[in-house]
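Counting starts at 1 for both ligands and their atoms, in listed order. These numbers were taken from a predicted model, which means no experiment stands behind them.
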Amino acid sequence: MTVKDILDAIQSPDSTPADIAALPLPESYRAITVHKDETEMFAGLETRDKDPRKSIHLDDVPVPELGPGEALVAVMASSVNYNSVWTSIFEPLSTFGFLERYGRVSDLAKRHDLPYHVIGSDLAGVVLRTGPGVNAWQAGDEVVAHCLSVELESSDGHNDTMLDPEQRIWGFETNFGGLAEIALVKSNQLMPKPDHLSWEEAAAPGLVNSTAYRQLVSRNGAGMKQGDNVLIWGASGGLGSYATQFALAGGANPICVVSSPQKAEICRAMGAEAIIDRNAEGYRFWKDENTQDPKEWKRFGKRIRELTGGEDIDIVFEHPGRETFGASVFVTRKGGTITTCASTSGYMHEYDNRYLWMSLKRIIGSHFANYREAWEANRLIAKGRIHPTLSKVYSLEDTGQAAYDVHRNLHQGKVGVLCLAPEEGLGVRDREKRAQHLDAINRFRNI
Ligand SMILES: C/C=C/C(=O)SCCNC(=O)CCNC(=O)[C@H](O)C(C)(C)COP(=O)(O)OP(=O)(O)OC[C@H]1O[C@@H](n2cnc3c(N)ncnc32)[C@H](O)[C@@H]1OP(=O)(O)O
Ligand SMILES: NC(=O)C1=CN([C@@H]2O[C@H](COP(=O)(O)OP(=O)(O)OC[C@H]3O[C@@H](n4cnc5c(N)ncnc54)[C@H](OP(=O)(O)O)[C@@H]3O)[C@@H](O)[C@H]2O)C=CC1
């Protein structure tokens with residue numbers, strides 16, 4: 001039995017779920033990995049000079065043993081997330097430390113602690129096998145997977161599973177991720193694949209869509225409401241392209257920050273009107289490495305007021321971090337919220353706290369999403385209310401280049417990867433629904 005036989009069975013119109021369940025598993029599969037003995041390969045280089053094409057490998061690896069509550073999924077397509085860029089440049093930490101720590105949790109978790117790390121935190125595919133205790137999903141189900149992995153043995157996670165002390169991001173802090181032909185997930189990561197999308201379109205939103213939903217919409221995040229002015233950094237990027245859609249769909253007013261006329265055009269096409277090209281307008285929030293320039297915060301705030309008719313920002317959707325955080329805190333209105341999920345440009349932030357406390361602003365830390373939030377975000381995709389922002393699709397072999405593009409900010413929206421799917425466009429089940437949303441689905445393609 002080979003992976004090719006699995007693909008043939010998935011693609012055959014005559015295959016039944018029982019046929020898929022009866023397929024013997026192959027011994028190995030092709031997977032995108034980083035190697036433990038290479039974690040020092042970029043030592044001494046600047047972050048931007050660390051090249052994912054050098055550290056990312058395509059290897060044949062053994063199929064992991066299936067445990068209770070788990071599923072093995074044949075991955076048709078995946079997508080590149082920035083967490084895979086971090087993994088591939090071994091910043092801010094090597095992810096092998098996460099695997100070692102997970103390996104100490106239990107005998108079953110020991111499987112994850114290997115000298116290679118199969119990365120990737122998105123997938124669309126077909127369930128091949130389920131472990132003991134899994135009743136909600138069967139072999140043959142067409143699924144997407146969100147990337148929250150939890151143990152839930154402690155009471156801490158039972159109000160909000162993101163608060164589980166053993167909360168991990170699958171394919172980043174666990175092994176056997178989605179940039180591969182087969183992936184191992186917990187069954188409570190599974191969600192139905194939106195039936196009007198191809199495999200690669202369905203695999204694109206997962207991680208960033210769920211994150212943007214919690215960070216902006218959920219009561220665990222900013223709890224956005226109608227009419228809110230929402231400042232969205234990187235508004236045509238991975239997270240931002242979903243935050244912009246949530247703001248528009250929720251009756252808020254996105255103020256989109258981008259770095260080129262082309263990206264501004266994408267935001268306009270999504271329906272945004274207030275757009276700031278940070279490059280064209282030349283904001284320099286830092287005079288030098290250690291000194292911010294409040295005059296630039298003020299110039300930025302003035303520009304926002306021009307675009308909003310004099311209003312300030314209710315919610316900042318933050319993720320660039322060090323470079324923008326001081327400006328983000330400054331431009332938020334009295335009582336407003338800065339919600340942050342990342343620090344792409346540096347995690348040691350600096351802001352003027354007087355503007356925070358005197359104006360009763362709040363900073364909210366947000367990280368991925370719980371199952372319910374991921375489910376609600378996926379439901380909006382399935383209903384055609386929010387659309388994938390897939391721009392370009394790479395083969396599994398070219399994942400290194402795909403990660404390089406994301407690292408160097410050469411991409412738009414999301415970058416997809418074909419795993420088992422032999423070509424783009426496969427897997428669409430509801431053509432009528434697709435036809436209704438075709439322009440929106442293709443908005444980011446090939447730009
Ligand atoms: C969905 C997609 C998401 C993304 O893309 S997010 C972006 C990518 N992700 C990242 O960049 C994050 C990567 N992660 C990290 O950088 C690290 O993961 C953290 C900085 C978040 C945590 O660092 P660590 O070293 O793993 O853990 P510690 O909590 O700092 O523990 C170290 C020691 O410090 C002790 N400690 C923790 N809190 C306290 C406290 N409040 N008082 C005293 N000690 C404390 C611990 O116990 C432990 O100790 P002992 O080393 O002896 O085991
Ligand atoms: N905690 C969590 O759950 C999650 C965290 N993340 C993290 O969020 C970050 C962004 O992820 P994602 O949106 O997928 O990445 P992308 O690279 O797809 O998009 C980020 C956008 O941010 C903008 N940007 C980058 N650097 C700066 C800067 N210095 N100043 C202003 N804008 C900047 C760019 O847009 P432009 O050039 O047009 O301005 C870029 O397109 C990453 O660090 C990632 O690890 C992502 C998902 C989940």
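Atom numbering of ligand 2 starts at 1 in the shown order; those under 4.0 Å from a heavy atom of T211 are 2 (C), 3 (O), 4 (C), 48 (C). Of all atoms in ligand 2, numbered sequentially from 1 with element shown, those under 4.0 Å from a heavy atom of G237 are 18 (O), 19 (O), 41 (O). Numbered from 1 in the order shown, with element, the atoms of ligand 1 that lie under 4.0 Å from a heavy atom of P92 read 11 (O), 13 (C), 16 (O). Atoms of ligand 2 lying under 4.0 Å from any heavy atom of G238, numbered from 1 in the order shown and given with element: 13 (O), 14 (O), 16 (P), 18 (O), 19 (O). Interface of H367 with ligand 1, defined as ligand atoms under 4.0 Å from a residue heavy atom, comprises 3 (C). For ligand 2, the atoms closer than 4.0 angstrom to any heavy atom of G234 are 21 (C), 22 (O), 23 (C), 35 (O). Near V258, meaning under 4.0 Å from one of its heavy atoms, ligand 2 places the atoms 38 (O), 39 (O). Taking a cut-off of under 4.0 Å to the non-hydrogen atoms of L207, the atoms of ligand 2 that pass are 47 (C), 48 (C).
Looking at ligand 2, you'll find an N or O of K263 within less than 3.5 Å of one of its N or O atoms. Checking only distances, S345 never comes within under 3.5 Å of ligand 2, N or O to N or O. Looking at ligand 1, you won't find any N or O of Y82 less than 3.5 Å from one of its N or O atoms. Checking only distances, S343 never comes within under 3.5 Å of ligand 2, N or O to N or O.
Contacts of P320 with ligand 2, taken as heavy-atom pairs under 4.0 Å, involve the side chain alone. Contacts between C341 and ligand 2, counted as non-hydrogen atom pairs separated by less than 4.0 Å, involve both the backbone and the side chain. Residue contacts with ligand 2, taken as heavy atom pairs separated by less than 4.0 Å, do not involve I169 at all. If you look at L239 next to ligand 2, the close heavy atoms, those under 4.0 Å, come from the backbone and the side chain alike.
When M162, R278, E323 are ranked by how near their heavy atoms come to atom 33 (C) of ligand 2, first place goes to R278. Residue Y82 holds the heavy atom nearest to atom 15 (O) of ligand 2 of all those in F325, F285, Y82, F368. With atom 22 (O) of ligand 2 as the reference point, the heavy atom nearest to it among R408, H319, Q262 is part of H319. The heavy atom nearest to atom 14 (O) of ligand 2, considering only T344, N81, V208, is found in V208. Compare Q412, K414, H411 by their heavy atoms: the one nearest to atom 17 (O) of ligand 2 is in H411. Closest to atom 17 (C) of ligand 1 by heavy atom, among L93, L207, L239, is L93.
The pair R322-E289 fails the salt-bridge criterion, with no side-chain N (NZ, NE, NH1 or NH2) lying under 4.0 Å from an Asp/Glu carboxylate O. A salt bridge links R268 with E265: the closest approach of a Lys/Arg side-chain nitrogen to an acidic carboxylate oxygen falls below 4.0 angstrom. Salt bridge R284/E296: absent, no basic N to carboxylate O contact under 4.0 Å.
Here Y351 and F330 keep their ring centres 6.0 angstrom or further from each other. The ring of F246 has its center closer than 6.0 angstrom to the ring center of Y213.
Looking only at side-chain heavy atoms (C-beta outward), R30 and I182 stay at 4.5 Å or farther from each other. The shortest side-chain heavy-atom distance between D59 and H35 falls under the 4.5 Å cut-off.
Taking CE from M270 and OH from Y242, the interatomic distance works out to 10.0 Å, rounded to the nearest 0.5 Å.
In plain terms, the two heavy atoms of P194 and N378 that are nearest each other are CG-OD1, 3.7 Å.
Ligand 1 has F98 within reach: a non-hydrogen atom of the residue lies less than 4.0 Å from it.
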